[in-house]
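Notes follow the structure.
Since this is a predicted model, take the numbers as computed values, not measurements. All chains are named by letter (A, B, ...) in the order of the sequence lines, taking the proteins before the strands, and each is independently numbered beginning at 1. Computation of the quantities below employed the complete heavy-atom set of this structure, encompassing side-chain atoms and omitting hydrogens, waters and symmetry-equivalent molecules.
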Amino acid sequence: MSAEKETACDHAACLTRRDALLAGGGGIIAGMVAPIGAASAQRASEGVAYPRKRVVRIGELHDGVPLAFTYPLQAQPNFIVKLGAPAQGGVGPDHDIVAFSSLCTHMGGNLRGRYRHDLKAVGPCPFHFSTFDLTRGGVAVHASATQSLPQVVLEIAGDDVFAVRVAGLIYGYRHNLKDGSLAEGAKTPTMRG
Amino acid sequence: MQRKFSRRDLFAARTPSIDFATYEIPVDQVPVPPANAEVFPTACEYCIVGCGYKAYVWPHDEEGGSKAARNALRADFPVAPATGAWISPSMHNVVKRNGKLHHVVIVPDGENAVNRQGNHSVRGGALAQKLYNPTRPTADRLQTPLLRVRGMLLPISWDAATSIVAEVSKHVIARHGEASWATRFFSYHFWENTYAITKLAFASVGTPNAAEHDKPTAENDATGLDDCGVDGFSAAYKDWKEADVIYISGNDPYENQTILFTEWIAPGGAKIVFVNPRKSPTAAYAERTDGVHLQLLPGTDSILNNGIARVILENSWEDRAWIGKVIAGRAEIAQEKSNWRRARFGLSFDEYKAWLIADDEYRLDNVAKVTGVPAQKILRAAELIARPRGQVRPKASFLLEKGNYWSFNFPNSASLSALGLVCGAGGRPGQVMSRAGGHQRGMMKAAGYPLAKSNAVYHDVKPGDPSGGKIPLNTDLAVFEGKTRLTWAIGTTWVTALSAGQSLRDKIAALTRQHAAQVSSFDKDQAIATLKQRVDNGGMVLIQQDIYQNDLTEYADLVLPAAGWGEENFARAQGERRLRIYSKFYDAPGEAKPDWWIVAEVAKKMGYSGYAWKTSNDVFEEAVTKSKGGAYDATAVVELAKRTGKRAHDLLTELSTTGIQLPARIEAGKLVGTDRLHDQTFPADKDANKIVKQFNTASGKAILMKGDWRSVKPVRERFSPRDGELWITNGRINELWQTMYDDLRKAAVKRRYPSNFLFINAADAMPRGIESGDLVSVENDFVVNILGEATKGAISLVAYVTDEVAPGVAYTYTFYPGQNANNVVPAITDPVTGVYNYKLGKGRVAKIGETPLKKLEGGMSFVPRSIG
Ligand code: SF4
Ligand code: FES
């Protein structure tokens, strides 16, 4: 992530304010872009009901500029970025919008400010240098981490990008939805089957 | 821009899903051990660093809570960063304990002295994935002895299996002599097992036809370091933190000794002089932190080390006071009556200096030309490790591993140790020399190698050379020459590990599977008679003992299932000689038995006495008697246990994940360990083993060993790439451990490296039309085998285009099953020690197709690994 941008605006706060304005916009409406390969029936987390949260408008995303948001719990930081190249799980017209946890799956190092747009990767982690490939599901390129970076599953509805689930356990947690309160703007789903 | 959407898109979007590259569904929860979970101290199965872990085991239908009081980790969830209390999904499994289903989580222990705060690597962090669980990829663990009957490996009883091994062994020894009975065995898998194996091989049978898992001969590893008088694991980890500069030769500590790097090297802030043909992750770190990467061509270490030493001597930057105090002169070298290499290659300081200055090979411009390292980088390295800042010398330490001593074993390691000594390193805080290490120190020999029985001598032996210039015999050569009639391979793949692998496979196949005498009945006597026929008619019987089938299994007559880590109580030491317990915490699969038990059963049936052990503790207590006086002296542990009425294993369990650094002694009723060996700061009035206070030589002084590039030059020239070939060098990589016996069964590792790879520079890839993800072939028509015959070797690999390697030098993982680097590595033995120079492969590289991995969905990442 670009450090300048990050300090200029606390994106988590910016986004949640906007989220609040758009609360209730979580329904499935026409105009969704399916992620690559979305026909697969695999589910990241059987039996866990993830909330749905509007993260950002597509138009607010610029190539290579990550924005921060919390999801599914308020204390779980993530970033969303338009990679400019297709990615596994990428949404949007170019299949290149992805979101990941900002906490390194090794020992929770903060990956904020560590996005490398030239490589479409995040790292090295400030603690022990783990690096994750964002085009390939957050797989650890070179790491002390034993797990991929948890990927936030995204959906597009109209001009909005929604977070709908997290694939992988977020650092520090025993369960992605336990031991904390829901992120601002995160709604329990009503239309998910 | 919006595009038009079909109904299909709408439907797809209702079931959002990440197109996972593997069939693994990411887990988003883990069970937490309840407060009353059983807790077992252990240490990592894998690398030399030996991080401490705890196994928490509890009944499958219970779970702990999120508050510290309600879980055995004593942690509040969510846990804070860098606390070591988080359970990653890789740390959990389900096992049987005493026949009942249990959860187990194996979590790095934040309270031990090695990996504080629970730091761990990608390897150790997934230890739980190695455990036997028939619903998971570990389902194929060996569970029962197997005999090859009519070509198939089929289950038999332990009694039949051990009887066959014993009877055929007795016959081989009686009829063909003890040197025709061979064993190749792991040197790492715990003292109890290696003790039992060496007791049988060396004390009972007395064979010289034996070698450790990674070598053709029972020779040492970093011979030039041992010969200078410095033990391979002399340093304390804290020394790396105290150093101002660390010269790292042929090793990447982030990749291979991760916690040594992330806990003990990086936090100390030492500048790194990184000597490696690869711009690997630690190279990027070295350059980023004001050190220097010397990206030398393969096999040129000795000229580089000597060239740097010459710069130091020309500038009088050597540590004169130290040299005067600790370096052996002629009179001391003359005391070396049992080590011919010291007698032959030991130099006084004046001789060393005169040699380097007189030989024009070591002029800076020539060194730069031969190694491919720019002269100013060589100068910078010399300055960093030796140039005094005012009155103060930099504290320089030296770390080496197989990239050094497996590409010209003796000259590379000798030149490195001499360079270290003139810079003042060896047995002082922050000024040490050590191997970085591969596996942990699991060898406790019951008896010495019978060198007198070896038929091998140094090629240039001279009258009066101590021990007649004898070297341990080459066990591969003994096979090729038809001398070996039985090989018992314990915890080693052999054909994957040794050089000229395909030629070796051909030979082993001819002696075993393709031999006329094949077992065709379960009748024990018939089977024994057939195998005796085999050995009496030029063939060989192969017994494999392991935890999984592997590349060697297709040649085996008998397969014996071993119980390993977590399945028996064991002990061994790690890279700073720290001895720990490796607790048994779950049930071994099927009828798998610990190696010591299997060896003892066979030994008893062969008629030998001294194998009546009941438990692994019995073996341990006996083994420790052999450690007396050495670097791994643990006699004080057993002594203190006896005094307090305990079993030694139980005392070790009390010492938990911190253990004790050997040699240990008892002071005021307490165990006291040893930080570093050859410790020049050790109080003179204190009683301790000689190796603690002095260098490991006859005189106690360190010896400058002559590691001569001129002995390397013609050999290297002969095996260098030509006509468009590339160097195909090989080594380890962070995620992969040894022969990948566990990694093959760890989903995350298979996802990262679904295939062996060839790191290739764009300058070599482009003209060959190669892109990342392409399938490439590597072929070498000059894979000289141990008989000196030129054979052909080939492998196919997935291309990974990266500037991690320089033009002309490609790199692959050494031991990827089925894609073995050793196929294209000739059996070049080091001229002095007879150890193979495994790193010097070469070959023609061509694109032969594309792999599915090239596509996004394929899931293999080709992002550069060395992000600066
Ligand atoms: S650094 Fe070595 S000992 Fe430590 S966890 Fe990793 S593999 Fe195990
Ligand atoms: S916390 Fe990121 S590498 Fe350790």
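Looking at R174(A), its side chain never comes within 3.5 Å of a backbone N or O of P78(B) through a donor-acceptor pair. The backbone N or O of H120(B) lies less than 3.5 Å from a partner atom in the side chain of H106(A), making a donor-acceptor pair. Judged purely by atom type and a 3.5 angstrom limit, Y173(A) has no side-chain atom pairing as donor or acceptor with the backbone of D28(B). Formation of a donor-acceptor pair under 3.5 Å by the N734(B) side chain with backbone atoms of S144(A) is not found in this model.
Annotation: maximal heavy-atom pairing with chain A below 4.5 Å, among T83(B), T258(B), V32(B), N119(B), occurs at N119(B). Top candidate by heavy-atom pairs under 4.5 Å with chain A, chosen from R123(B), E255(B), E263(B), is E255(B). The choice from P89(B), S88(B), A85(B), A75(B) that makes the most heavy-atom pairs within less than 4.5 Å of chain A is P89(B).
Heavy-atom distances place both the backbone and the side chain of V863(B) under 4.5 Å from chain A. Looking at S121(B), the atoms closer than 4.5 Å to chain A (heavy atoms on both sides) all sit in the backbone: N, CA, C or O. There is no contact between P108(B) and chain A, counting heavy-atom distances below 4.5 Å. Contacts between A75(A) and chain B at a heavy-atom distance below 4.5 Å are absent for every atom of the residue. Both the backbone and the side chain of S66(B) come within contact range of chain A, with heavy atoms under 4.5 Å apart. Residue contact with chain A, scored on non-hydrogen atoms closer than 4.5 Å, is absent for D76(B). For I170(A), the part sitting under 4.5 Å from any heavy atom of chain B is the backbone (N, CA, C, O) and nothing else.
Using a 4.5 Å cut-off on side-chain heavy atoms (C-beta onward), N110(A) and P81(B) make no contact. Contact of the Y285(B) side chain with the P124(A) side chain is not registered, since no non-hydrogen atoms from C-beta on lie closer than 4.5 Å.
Between the OG1 atom in T105(A) and the CH2 atom in W86(B) there is a gap of 6.0 Å [rounded to 0.5 Å]. Distance check: R136(A) CZ to R751(B) CZ gives 10.0 Å after rounding to the nearest 0.5 Å.
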Run the side chain to side chain contact (heavy atoms under 4.5 Å, CB included) check on R752(B) and V141(A) step by step: do they pass?
CA-CA 7 Å; R752(B) 177 66 188 98; V141(A) 176; 3.7 Å; yes
T131(A)/R865(B) under side chain to side chain contact (heavy atoms under 4.5 Å, CB included): CA gap, chis, key distance, verdict
CA-CA 8 Å; T131(A) 303; R865(B) 303 171 338 115; over 6 Å; no
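Contact detail for M107(A) and G84(B): the closest heavy-atom pair is CE-N, 4.2 Å. For L169(A) against I87(B), the heavy-atom pair with the smallest separation is CD2-O, 4.0 Å. Contact record, V122(B) with A145(A): CG2-O, 3.3 Å, taken as the closest heavy-atom pair. Between Y254(B) and A143(A), the shortest heavy-atom distance links the atoms OH-C, 3.5 Å. Across every non-hydrogen atom of G168(A) and P26(B), the tightest pair is N-CB, 3.4 Å. Annotation for A82(B) and F127(A): closest pair CB-CE2, 3.9 Å, computed over non-hydrogen atoms.
A salt bridge (Lys or Arg N to Asp or Glu O under 4.0 Å) check over residues 65-89 of chain A, counting only residues at least two apart or in different chains, returns the pairs D63(A)-K82(A), K82(A)-D94(A), K82(A)-D96(A).
The side chain to side chain donor-acceptor pair (under 3.5 Å) check on E287(B) picks up K377(B), with sequence neighbours excluded.
F261(B) and F129(A) have tilted rings, their planes meeting at an angle from 30° to 60° on a 0 to 90° scale.
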